[in-house]
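Beneath this line is the structure, given in structure tokens, with notes to follow.
These numbers were taken from a predicted model, which means no experiment stands behind them. Any value given below was found using the heavy atoms of this structure, including those in side chains, with hydrogens, waters and symmetry copies removed.
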Amino acid sequence: MKSVLENRPALAAEVEKVAEVAGYLWQKGWAERNGGNITVNITEFVDDEIKALPAISEVYPIGAELPHLKGCYFYCKGTNMRMRDLARRPMENGSIIRILDDCASYVIIADNPVKPTSELPSHLSVHNYLLAKGSPYRASVHTHPIELVAMTHTKKFMEKDVATRLLWSMIPETKAFCPRGLGMVPYLMPSSVELGEQTIATIDDNYDVVMWEKHGVFAVDTDVMAAFDQIDVLNKAAQIYISAKNMGFEPDGMSDEQMRELSVTFGLPK
Ligand code: 2HA
Ligand code: ZN
């Protein structure tokens, strides 16, 4: 069967990036079974021929009305699909969907009728929010990074910016490459409307990476690779913290002065 990616190098490159990141999530042990989701707004890569493609699924309700998504196209990981399978076969473990003109429903258009992720309403709500704000961010990644999730099992790290300051102070790159830090959302039921709403509220509070207590992270950025990088630098910092603790001491962390110097030199927002 002909893939919609054929003879469309820019679109193919976007989907290849998703597959590459899916492989990293699996290798890092962050994507057990069907854990995690990725959605990418690919509207800018969609030509008239794709716009004319017929639906290959019935019309599904999104579960929310999202006015900024009218006529948008997304690549979405499939529900119940594994990241490790998506890494090798992205168009069999994910699909491309078109948002219909009512802004409340969608159809699958390519390559296979793979039903999107169970977290679709919250992912699409976030994309709707990003477009409404005029943000250049087009990708969202949800995954289960072991050390970051472990940190949320104590109330201390759930307080605003406590974990952020600690992680930033472990290694200078963390603040440089995750300059807005880690926003915290108290435990909520996976896939729930409330979790989606709290995630948007936290992104609106100027975070790119949102921690879901005892569950995982949700990151947004310009593309899937950049969203992954932010999670990766944060989790690396968490690993350094835990390594120091395992050696039997509380790590000193960089000083406030060293952190200030870093912010000035790199022109960081916080
Ligand atoms: O889709 O990780 O939170 C699998 C999940 C849901
Ligand atoms: Zn999850």
Side-chain angles (χ1 to χ4, degrees), residues 15-40 74-95 112 114-126 139-154 157-158 163 167 174 178 182-196 198-199 202 207-221 223-243 245-246:
V15 174
E16 279 160 21
K17 274 191 274 182
V18 175
E20 186 177 336
V21 165
Y24 298 152
L25 299 180
W26 165 251
Q27 285 162 13
K28 284 184 164 290
W30 300 352
E32 71 291 343
R33 199 175 179 273
N34 64 325
N37 308 290
I38 299 176
T39 58
V40 181
F74 292 87
Y75 172 86
C76 306
K77 174 184 173 280
T79 187
N80 278 323
M81 298 301 181
R82 299 180 179 89
M83 288 291 180
R84 64 178 190 262
D85 293 334
L86 194 155
R88 286 169 297 139
R89 294 185 300 272
M91 296 306 278
E92 288 170 35
N93 295 277
S95 60
N112 302 291
V114 176
K115 186 108 201 273
T117 158
S118 58
E119 302 273 9
L120 191 67
S122 54
H123 276 252
L124 290 184
S125 299
V126 168
S140 63
V141 174
H142 164 57
T143 188
H144 303 158
I146 301 164
E147 289 82 3
L148 287 175
V149 175
M151 284 179 74
T152 70
H153 283 263
T154 179
F157 290 136
M158 288 306 297
L167 295 169
T174 314
C178 187
L182 185 62
M184 309 310 264
V185 171
Y187 183 83
L188 286 164
M189 186 65 194
S191 310
S192 65
V193 174
E194 293 78 11
L195 183 56
Q198 286 303 309
T199 301
T202 309
Y207 294 95
D208 291 340
V209 189
V210 178
M211 189 81 230
W212 293 347
E213 183 183 349
K214 298 173 189 141
H215 179 171
V217 297
F218 187 101
V220 288
D221 211 317
D223 73 355
V224 66
M225 207 57 82
F228 168 77
D229 282 335
Q230 292 212 57
I231 305 168
D232 194 29
V233 295
L234 286 170
N235 199 68
K236 170 69 171 271
Q239 287 176 317
I240 293 169
Y241 172 70
I242 290 161
S243 296
K245 296 284 278 186
N246 283 344

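- Y75 is listed as a side-chain neighbour of P90, based on a closest heavy-atom distance under 4.5 Å.
- Proximity of a side-chain donor or acceptor of N112 to a complementary backbone N or O of M91 within less than 3.5 Å is detected.
- Shortest non-hydrogen contact noted between A226 and D221 is CB-CG, 3.4 Å.
- Taking CG from L182 and CG from L148, the interatomic distance works out to 6.5 Å, rounded to the nearest 0.5 Å.
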Ignoring hydrogens and angles, write down the donor-acceptor pairs under 3.5 Å from the side chains of residues 16-23, residues two or more places apart or on other chains.
from	atom 1	to	atom 2	distance (Å)
K17	NZ	E14	OE2	3.0
K17	NZ	D223	OD2	2.7
E20	OE2	Y24	OH	2.3

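- K115 NZ to M81 CE: the interatomic distance, rounded to the nearest 0.5 Å, is 12.0 Å.
- Between L195 and S122, the closest side-chain pair of non-hydrogen atoms is not below 4.5 Å.
- Y241 places no side-chain N or O within 3.5 Å of a backbone atom of M151 that could act as its donor or acceptor partner.
- In this structure a side-chain-to-backbone donor-acceptor pair under 3.5 Å is missing from H215 to H144.
- Residues forming a side chain to side chain donor-acceptor pair (under 3.5 Å) with T39 (at least two apart in sequence, or on another chain): H123, H127, S140.
- At least one donor-acceptor pair under 3.5 Å links the side chain of T143 to the backbone N or O of W30.
- Applying the side chain to side chain donor-acceptor pair (under 3.5 Å) rule to T117 yields the partners N37; only residues at least two apart in sequence or on another chain are considered.
- For the atom pair CG of N246 and CD of Q239, the computed distance is 11.0 Å after rounding to the nearest 0.5 Å.
- Taken to the nearest 0.5 Å, the CE atom of M83 stands 5.5 Å off from the CG atom of L25.
- Residues M158 and T152 have side chains in contact (heavy-atom distance under 4.5 Å, counting atoms from C-beta outward).
- Between the D232 side chain and the F228 main chain, no donor and acceptor come within less than 3.5 Å of each other.
- Scanning both residues, T202 and G183, for their nearest heavy atoms gives CG2-CA, 3.6 Å.
- The closest side-chain heavy-atom distance from E119 to F218 is not below 4.5 Å.
- In this structure, E213 contributes its side chain and Y187 its backbone to a donor-acceptor pair below 3.5 Å.
- Within the model, atoms CD of Q198 and CG of L188 stand 6.5 Å from one another, a figure rounded to the nearest 0.5 Å.
- Remark: side-chain polar atoms of T154 are not paired, donor with acceptor, to backbone N or O of F157 under 3.5 angstrom.
- For V114 against S95, the heavy-atom pair with the smallest separation is O-OG, 2.8 Å.
- Contact check for R33 versus N80: side-chain heavy atoms found under the 4.5 Å cut-off.
- The two residues A238 and E147 come nearest to each other via the heavy atoms CB-CB, 3.8 Å.
- A side-chain donor-acceptor contact under 3.5 Å links K77 to the backbone of N34.
- Atom CG of N235 and atom NZ of K28 lie 7.0 Å apart (nearest 0.5 Å).
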